[in-house]
Amino acid sequence: MNNNRKSIKFIVLSGLMAAIYVVLTLPMAQFAFGPIQFRLAEVLTVIPAFSFAGIPGVTLGCFLANLLNPGNLGPIDIIGGTLATLIAGFLSTIIGKRNKYLSIIPPIVVNGIIVGAYLPFLLAEAGTKVTIPMVLISMLSVAASEAVLLIVLGIPFIIVINRTPKIKATLENL
């Protein structure tokens with residue numbers, strides 16, 4: 001396949017993933033933002049284990065979802081959440097080269113640490129002092145909700161991709 005055609009497929013896949021991420025996040029915004037984050041779109045974080053095109057896709061999708069969130073938490077969440085997704089995507093790509101199933105670990109750990117660290121400050125009511133235990137609980141909460149989602153839906157998604165040769169080959173050839 002020539003490079004121009006491959007570049008177009010890369011851009012299309014990334015854009016499609018970003019759009020799917022937003023569509024899977026915003027309708028359930030009340031569950032997608034906050035200390036317990038159930039973002040159905042996070043299942044897409046397994047794609048970077050198969051294709052580098054997954055990184056810009058989920059990163060852009062996260063950015064747009066955080067930006068368009070009806071209860072927007074501001075620039076810290078927009079930038080912080082996007083950065084966490086970008087870092088997790090790169091780590092998932094590296095880990096996914098050896099073991100696709102272990103590629104679920106970076107989104108759990110990175111989101112737990114980064115997003116969990118700043119959320120208490122963004123969600124605290126005025127005059128409430130944020131304590132270290134509050135931050136640690138937030139980190140564990142974000143990581144736990146991400147882990148549940150990726151274990152329950154992410155691993156089966158990896159299995160489906162692995163068992164669908166055409167999809168797997170398409171992803172791996174981008």
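All residue numbers in this chain count up from 1 along the given sequence. No experiment lies behind these values; they were computed from the predicted model shown.
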Enquirer: Pair up each side-chain donor or acceptor in residues 46-70 with any protein partner under 3.5 Å, not counting sequence neighbours, and list the distances.
Expert:
from, atom 1, to, atom 2, distance (Å)
Ser51, OG, Ala53, N, 3.1
Ser51, OG, Leu171, O, 3.1
Thr59, OG1, Ile55, O, 2.7
Asn66, OD1, Arg39, NH1, 3.3
Asn66, OD1, Arg39, NH2, 2.6
Asn66, ND2, Asp77, O, 3.2
Asn69, OD1, Gly71, N, 2.9
Asn69, ND2, Gly71, O, 3.4

Enquirer: Sub-3.5 Å donor-acceptor pair from the side chain of Ser92 to the main-chain atoms of Pro106, do we have one?
Expert: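 Here the side-chain-to-backbone pair does not exist.
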Enquirer: Under 4.5 Å between side-chain heavy atoms, counting indirect links through other Ile/Leu/Val/Met/Phe/Trp/Tyr residues: same cluster for Val43 and Val148 or not?
Expert: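 Result: yes, single cluster for both.
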Enquirer: Linking Ile, Leu, Val, Met, Phe, Trp and Tyr through side-chain heavy atoms less than 4.5 Å apart, which residues share a cluster with Val12?
Expert: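 Members alongside Val12: Ile8.
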Enquirer: Consider only side-chain heavy atoms of I, L, V, M, F, W and Y, link residues closer than 4.5 Å, and tell whether Val160 and Ile155 are in one cluster.
Expert: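 Hydrophobic grouping puts Val160 apart from Ile155.
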Enquirer: Working to the nearest 0.5 Å, report the span between OG1 of Thr25 and CD1 of Ile20.
Expert: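 Here the rounded value is 11.0 Å.
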Enquirer: Would you mind listing every ring pair (Phe, Tyr, Trp, His ring centres under 6.0 Å) that reaches into residues 130-162, with sequence neighbours excluded?
Expert: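 Sorted result for residues 130-162: empty, none.
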Enquirer: Roughly how far, to the nearest 0.5 Å, is NZ of Lys9 from OG1 of Thr170?
Expert: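 If we round to the nearest 0.5 Å, Thr170:OG1 and Lys9:NZ are 6.0 Å apart.
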Enquirer: Which value, rounded to the nearest 0.5 Å, describes the distance between Glu42 atom CD and Leu153 atom CG?
Expert: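 That separation rounds to 11.5 Å.
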Enquirer: Can you find a pair of side-chain heavy atoms, one from Ile158 and one from Ile104, that are under 4.5 Å apart?
Expert: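 Side chain of Ile158 against side chain of Ile104, heavy atoms only: contact under 4.5 Å found.
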Enquirer: Take atom CG in Leu136; do more than 12 heavy atoms of anything else shown fall under 6.0 Å from it?
Expert: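 Yes, the 6.0 Å shell around CG holds more than 12 heavy atoms from other groups.
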Enquirer: Honestly curious: do Leu13 and Ile11 fall in one hydrophobic cluster under the side-chain, below-4.5 Å linking rule?
Expert: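 No.
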